[in-house]
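For reference, the structure discussed in these notes is given below.
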Amino acid sequence: MLQIQDTLVSLDLAERFFCCDLNACKGQCCIEGDAGAPLEEGEADELRRILPCIWNDLLPAARQEIEKNGVSYIDIEGCEVTSLIDGGCCVFATIDDSGCWICAIERAYRQGRIDYYKPISCHLYPVRLTKYDTFTAVNFHRWKICKAAEVLGRSKGIRAYKFLEGPLRRRFGDAWYEELSLTCDEYIQQYGGDNALDD
């Protein structure tokens with residue numbers, strides 16, 4: 001683990017290679033899993049605020065779920081997460097012209113229609129955060145559907161902490177990320193940082 005300010009960061013962020021490969025995975029992280037995307041304090045309010053702007057972009061089943069149960073719910077661990085369609089697909093997932101699942105929120109943001117990017121947990125993925133009393137654990141979540149992203153990242157030489165620079169800066173700030181980047185660079189230089197191969 002790497003201690004960066006009040007966080008403990010998994011060595012996987014330095015060792016693992018990662019670069020999303022939507023051509024391969026088709027955005028399955030939006031439609032698979034056992035719970036919705038974790039929401040931080042205030043994010044459900046943001047989702048409700050921008051909802052009218054993306055309402056027509058959502059799937060009919062998603063609109064029905066939101067009308068019935070809202071944009072979020074409390075999961076079995078007591079965390080607020082985005083609502084799901086029939087326990088699977090995120091209500092904010094939609095399909096683009098190529099048949100790839102994408103986030104309706106992010107697409108609207110990129111089109112300049114809203115000023116909210118998407119929940120930070122989605123932006124950070126495959127990083128997952130766990131908050132404790134005195135620190136936050138920053139872990140790398142491995143999932144079979146992201147295997148293609150690890151393969152592509154390795155072929156391009158992109159480490160996870162480099163690929164996730166934008167969301168990590170968004171969540172923790174520039175000073176935190178600069179410290180992380182320097183620490184990861186030093187770790188890789190000293191140890192090679194290539195302990196995570198195709199396991």
Side-chain angles (χ1 to χ4, degrees), residues 1-20 29-30 32-50 70-84 90-92 103 105-106 109 115-147 149-150 153 158-197 199:
M1 301 292 282
L2 303 172
Q3 183 169 358
I4 309 295
Q5 297 180 15
D6 60 350
T7 67
L8 287 179
V9 181
S10 169
L11 288 174
D12 282 339
L13 268 73
E15 294 178 340
R16 297 270 175 200
F17 293 88
F18 196 91
C19 181
C20 281
C29 60
C30 291
E32 292 190 17
D34 55 6
L39 297 175
E40 298 207 346
E41 184 177 355
E43 287 194 316
D45 291 335
E46 284 294 299
L47 295 178
R48 285 186 284 268
R49 179 178 68 84
I50 57 96
V71 298
S72 63
Y73 70 99
I74 305 301
D75 68 8
I76 58 174
E77 296 180 354
C79 299
E80 189 169 20
V81 297
T82 58
S83 293
L84 302 175
C90 175
V91 292
F92 297 105
C103 177
I105 303 169
E106 179 179 353
Y109 175 87
D115 59 2
Y116 177 69
Y117 190 81
K118 61 182 174 182
I120 190 63
S121 67
C122 299
H123 199 185
L124 281 170
Y125 196 78
V127 159
R128 283 293 191 223
L129 306 180
T130 304
K131 296 180 181 179
Y132 297 94
D133 289 342
T134 58
F135 69 95
T136 296
V138 182
N139 291 309
F140 183 94
H141 179 237
R142 298 200 73 202
W143 196 6
K144 63 180 180 180
I145 67 173
C146 289
K147 181 65 175 179
E150 295 193 52
I158 301 173
R159 305 275 179 168
Y161 75 97
K162 291 289 190 182
F163 178 76
L164 295 167
E165 177 178 351
L168 287 170
R169 285 185 184 275
R170 176 187 169 196
R171 175 59 177 79
F172 294 107
D174 291 336
W176 182 95
Y177 182 80
E178 294 301 331
E179 183 178 344
L180 172 71
S181 182
L182 178 61
T183 304
C184 287
D185 289 347
E186 291 175 345
Y187 172 82
I188 292 167
Q189 184 176 8
Q190 183 172 356
Y191 298 105
D194 204 17
N195 300 323
L197 298 175
D199 55 344

Exercise for the section: Step through the shown structure and confirm whether more than 12 heavy atoms of other residues, nucleotides or ligands are within 6.0 Å of OH on Tyr109. Expected result: no
Handout entry: Intermediate values then yes/no, side chain to side chain contact (heavy atoms under 4.5 Å, CB included), Val9 and Trp176
Key = CA-CA 11 Å; Val9 181; Trp176 182 95; 3.8 Å; yes
Exercise for the section: Answer yes or no: are there more than 12 heavy-atom neighbours, outside Ile76 itself, under 6.0 Å from its atom CD1? Expected result: no
Problem - Rounded distance (nearest 0.5 Å) linking atom OH of Tyr73 with atom OG of Ser83 - result: 7.5 Å
Fill in the blank from the handout: In this structure, OG1 of Thr183 is separated from CD1 of Ile188 (nearest 0.5 Å) by 11.0 Å
Exercise for the section: Look at the rings of His141 and Trp143 and say which category their plane angle falls in: under 30° parallel, 30 to 60° tilted, over 60° perpendicular. Expected result: tilted
Problem - Phe140 to Ala160 - nearest heavy-atom pair and separation - result: CE1-CB, 3.8 Å
Handout entry: Flag side-chain contact, heavy atom, 4.5 Å: Val71 against Phe92
Key = yes
Handout entry: 4.5 Å side-chain heavy-atom contact, Val138 and Leu129
Key = yes
Handout entry: Backbone N/O of Cys79 and side chain of Asp75: donor-acceptor pair under 3.5 Å
Key = yes
Problem - Distance (rounded to the nearest 0.5 Å) between Leu168 CG and Ser181 OG - result: 10.5 Å
Practice task
Decide, yes or no, whether a salt bridge links Glu150 with Lys147 under the criterion of side-chain N to carboxylate O below 4.0 Å.
Solution key: no
Exercise for the section: Any chance you could lay out the side chain to side chain contact (heavy atoms under 4.5 Å, CB included) test for Glu179 and Leu2, step after step, and finish with the verdict? Expected result: CA-CA 10 Å; Glu179 183 178 344; Leu2 303 172; over 6 Å; no
Practice task
Calculate, to the nearest 0.5 Å, the distance between atoms CG and NZ belonging to Leu124 and Lys118 respectively.
Solution key: 10.0 Å
Handout entry: Minimal non-hydrogen separation, Ile105 against Pro119, with atom names
Key = CD1-CD, 4.1 Å
Completion exercise
When rounded to the nearest 0.5 Å, the distance separating CG of Asp12 from CE of Met1 is 9.5 Å
Handout entry: Donor-acceptor contact present, side-chain Arg159 to main-chain Ala14, <3.5 Å
Key = yes
Problem - Glu43 side chain vs Ile120 backbone, donor-acceptor pair below 3.5 Å - result: yes
Problem - Shortest non-hydrogen separation from Ser72 to Leu39 and the atoms involved - result: CB-CD1, 3.7 Å
Practice task
Would you indicate whether the side-chain heavy atoms of Pro126 and Leu164 approach each other to under 4.5 Å?
Solution key: yes
Exercise for the section: Assess whether side chain to side chain contact (heavy atoms under 4.5 Å, CB included) is satisfied between Tyr125 and Cys146, documenting all intermediate values. Expected result: CA-CA 10 Å; Tyr125 196 78; Cys146 289; 3.8 Å; yes
Practice task
Apply the test side chain to side chain contact (heavy atoms under 4.5 Å, CB included) to residues Thr136 and Asp6: give CA-CA distance (whole Å), side-chain angles for both, the deciding distance (0.1 Å), then the verdict.
Solution key: CA-CA 7 Å; Thr136 296; Asp6 60 350; 5.7 Å; no
Handout entry: Polar side chain donor-acceptor pair, Asp185 to Tyr161, under 3.5 angstrom
Key = yes
Practice task
Return yes if a side-chain donor-acceptor contact under 3.5 Å exists between Tyr117 and Glu106, otherwise no.
Solution key: yes
Exercise for the section: Report yes if some heavy atom in the side chain of Glu40 is under 4.5 Å from a heavy atom in the side chain of Glu46; otherwise report no. Expected result: no
Exercise for the section: Could you tell me whether a side-chain N or O of Thr82 sits under 3.5 Å from a main-chain N or O of Gly36, the two making a donor and an acceptor? Expected result: no
Exercise for the section: Measure the spacing between CZ of Phe135 and OG1 of Thr130 and express it to the nearest 0.5 Å. Expected result: 9.0 Å
